[in-house]
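Naming: A, B, ... by sequence-line order, numbering from 1 per chain.
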Number of protein chains: 2
Amino acid sequence: MDCGDLFNPDCPTRLVLDRIADKWTVMLLVLLSQGPMRFSALKRATGISQKVLAQTLKRLERDGFASRAVFPTVPVTVEYLITPLGADLAQTLEGLRLWSERHIGAVLAAQRDYDAAA
Amino acid sequence: MDCGDLFNPDCPTRLVLDRIADKWTVMLLVLLSQGPMRFSALKRATGISQKVLAQTLKRLERDGFASRAVFPTVPVTVEYLITPLGADLAQTLEGLRLWSERHIGAVLAAQRDYDAAA
DNA sequence: GATGTTGGTTACCTTGGGAAACCAGATAGT
DNA sequence: ACTATCTGGTTTCCCAAGGTAACCAACATC
């Protein structure tokens, strides 16, 4: 697991982590990778606040991970779609999902042990 | 990429994301997976503040991802080591590191395009 | 006994996320 | 005409997470 230079703040891994390692970005990425979704559907699905959802979607669009499609219905319909780049990233995060399902028990057990010792 | 139910807040993926999807946890996990490291070395390597480093390491320990070894030298030496569980998680994140090195250019290009359009 | 070293903890301040209200644009109901 | 309603936001205000800097304990050295 050599990063070339993880100590360097311009290391690609650090740059990518700075973009996606927050509370909601990864979850939105995974949701959108399952299919297009409207703003309100994403809000309902995640429980994220409207403000931060708008912010986070803007960043996803800026980074080239998602795109916005506006349909002039009434009321207006806005759909968010994953891009090929975003889909590729979501695919590599699939491993994390599998890991979570396999090891969540071990994590929760570790937490219980740690809390019991204190 | 079916999560069973990513809409459910108790979905394993969401629980794991809640633990590791913050500014520093993933980077510390990757660093420790390369070998044991002392507190001050982690601080220098990441640029993280002392307070948040201590906090984050405590959480890593609680979640069973890292362990703390204190050597009664003078001044005291404290080493942080990755656990098998943490190493396993870091291994699945290796895919993310590879993805970053391959696609960071596309991300930065997308950002440039987006900013130019505005 | 002042100084330096490591690994923290404790103020203090600044930034980011959450809750709720408001807004635009257009239609439906009364 | 007027109010209500729907979507997709933005604005306002508040609180929590993170950063800065100072301090502390336990020694060892000068």
Side-chain angles (χ1 to χ4, degrees), chain A residues 7 9 14-29 31-32 35-63 65-82 114 117-118, chain B residues 7 9 14-29 31-32 35-63 65-82 114 117-118:
Chain A
F7 296 67
R14 292 192 66 156
L15 291 175
V16 170
L17 281 178
D18 282 346
R19 294 289 159 194
I20 70 172
D22 63 61
K23 198 169 176 184
W24 297 113
T25 302
V26 169
M27 197 180 353
L28 288 178
L29 217 46
L31 276 175
L32 289 178
M37 257 189 159
R38 299 177 56 178
F39 185 89
S40 48
L42 288 168
K43 182 164 157 3
R44 274 191 305 275
T46 56
I48 190 175
S49 73
Q50 235 163 349
K51 186 185 75 169
V52 177
L53 177 56
Q55 272 175 197
T56 308
L57 287 171
K58 247 183 236 171
R59 260 186 293 125
L60 282 176
E61 208 190 337
R62 176 169 186 265
D63 294 338
F65 296 144
S67 61
R68 220 176 82 108
V70 181
F71 302 100
T73 56
V74 63
V76 64
T77 298
V78 179
E79 230 179 40
Y80 288 88
L81 305 99
I82 199 138
Y114 184 95
Chain B
F7 296 67
R14 291 190 66 156
L15 292 175
V16 170
L17 281 178
D18 282 348
R19 294 289 159 194
I20 70 171
D22 62 59
K23 198 169 176 184
W24 298 112
T25 302
V26 169
M27 197 181 352
L28 288 179
L29 217 46
L31 276 175
L32 290 178
M37 256 188 161
R38 299 179 56 178
F39 185 90
S40 47
L42 289 168
K43 182 162 156 5
R44 274 192 305 275
T46 57
I48 190 175
S49 73
Q50 233 163 354
K51 186 187 74 168
V52 177
L53 176 57
Q55 273 175 197
T56 307
L57 287 171
K58 249 184 234 170
R59 262 187 292 123
L60 282 176
E61 209 189 338
R62 176 168 186 265
D63 293 337
F65 296 144
S67 61
R68 219 175 82 108
V70 181
F71 302 99
T73 55
V74 62
V76 65
T77 299
V78 179
E79 229 179 42
Y80 288 88
L81 306 99
I82 200 139
Y114 184 96

> How many angstroms lie between CE in B:M37 and CD1 in B:I82, if you round to the nearest 0.5 Å?
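Here the rounded value is 12.0 Å.
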
> In whole Å, what is the span from the CD atom of A:E79 to the C1' atom of D:dG8?
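In whole Å, D:dG8 C1' and A:E79 CD are 14 Å from each other.
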
> Applying side chain to side chain contact (heavy atoms under 4.5 Å, CB included), run through B:L29 and B:L60 and close with a yes or a no.
CA-CA 8 Å; B:L29 217 46; B:L60 282 176; 3.8 Å; yes

> Considering just the side-chain nitrogens and oxygens of A:R38, establish if one lies under 4.0 Å of OP1 or OP2 belonging to D:dG8.
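Checking D:dG8 against A:R38, a side-chain N or O does come within under 4.0 Å of OP1 or OP2.
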
> Holding to side-chain contact (heavy atoms from CB on, under 4.5 Å), I want the full list of residues that pass it with B:P36, two or more places apart in sequence or in another chain.
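With sequence neighbours excluded, B:P36 shows a side-chain contact (heavy atoms from CB on, under 4.5 Å) to B:E79, B:L81, given in chain and number order.
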
> Look at the side-chain N and O atoms of A:K58 and state whether any lies under 4.0 Å from the OP1 or OP2 oxygen of D:dG8.
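Checking D:dG8 against A:K58, no side-chain N or O comes under 4.0 Å of OP1 or OP2.
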
> Hey, can you pull the residues of residues 67-75 of chain A with a non-hydrogen atom under 4.0 angstrom from DNA chain C?
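By residue number: A:V74, A:P75.
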
> Restricting to salt bridge (charged side-chain N to carboxylate O under 4.0 Å, His left out), what partner residues turn up for A:R62, sequence neighbours left out?
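Testing A:R62 for salt bridge (charged side-chain N to carboxylate O under 4.0 Å, His left out), a comparison that skips the adjacent residues, returns B:D115.
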
> Using the test side-chain hydrogen bond (donor to acceptor under 3.5 Å, both in side chains), find all partners of A:T77 that sit at least two apart in sequence or belong to another chain.
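Only A:T73 meet the side-chain hydrogen bond (donor to acceptor under 3.5 Å, both in side chains) criterion with A:T77.
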
> Measure the CD1-CZ distance between A:I20 and A:R59 for me, rounded to the nearest 0.5 Å.
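Spacing of CD1 (A:I20) from CZ (A:R59) equals 11.5 Å.
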
> Going by side-chain contact (heavy atoms from CB on, under 4.5 Å), name the residues that satisfy it together with B:K23, two or more places apart in sequence or in a different chain.
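Per chain and number, B:K23 pairs via side-chain contact (heavy atoms from CB on, under 4.5 Å) with no residue.
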
> With rounding to the nearest 0.5 Å, note down the distance linking CG in A:L32 to CG in A:L57.
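Nearest 0.5 Å value for the CG-CG distance: 7.0 Å.
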
> Tabulate protein N/O versus nucleotide N/O from nucleotides 16-20 of chain D, keeping only pairs under 3.5 Å, one per line.
unit_1, atom_1, unit_2, atom_2, d
D:dG18, N7, B:K51, NZ, 3.4
D:dG19, OP1, B:K23, NZ, 3.4
D:dG19, OP1, B:W24, NE1, 3.4
D:dG19, N7, B:K51, NZ, 3.3
D:dG19, O6, B:K51, NZ, 2.5

> Atom OH in A:Y80, atom CZ in A:R68: separation rounded to 0.5 Å?
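A:Y80 atom OH to A:R68 atom CZ measures 4.5 Å (nearest 0.5 Å).
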
> Once side-chain contact (heavy atoms from CB on, under 4.5 Å) is applied, do any residues pair with A:K43, and if so which ones, sequence neighbours excluded?
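Scan of A:K43 (side-chain contact (heavy atoms from CB on, under 4.5 Å), adjacent residues dropped) gives A:Q50, A:L53.
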
> Report the end-to-end axis angle of the helix from C:dG1-D:dC30 to C:dT30-D:dA1; each axis comes from five terminal pairs, and the value is rounded to 10°.
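What I find for the helix from C:dG1-D:dC30 to C:dT30-D:dA1 is an axis angle of 30°.
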
> For A:V74, enumerate each residue passing the side-chain contact (heavy atoms from CB on, under 4.5 Å) test, keeping only those at least two apart in sequence or located in another chain.
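For A:V74 there are no side-chain contact (heavy atoms from CB on, under 4.5 Å) partners, ignoring immediate neighbours.
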
> Taking only residues two or more places apart in sequence or in another chain, which ones pass side-chain hydrogen bond (donor to acceptor under 3.5 Å, both in side chains) with B:T25?
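Counting only residues at least two positions away or on another chain, B:T25 forms a side-chain hydrogen bond (donor to acceptor under 3.5 Å, both in side chains) with B:D22.
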
> For side chain to side chain contact (heavy atoms under 4.5 Å, CB included), just list the numbers for A:I48 and A:L42, CA-CA rounded to whole Å, side-chain angles, deciding distance to a tenth of an Å, and then say yes or no.
CA-CA 8 Å; A:I48 190 175; A:L42 288 168; 6.0 Å; no

> What is the distance, rounded to the nearest whole Å, between atom OH of A:Y80 and atom P of D:dT7?
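After rounding, the gap between these two atoms is 15 Å.
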
> Just the endpoints, please: which first and last nucleotides of DNA chain C, 5' to 3', lie under 4.0 Å from a heavy atom of chain B?
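Terminal contacting nucleotides, 5' to 3': C:dT5 to C:dA11.
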
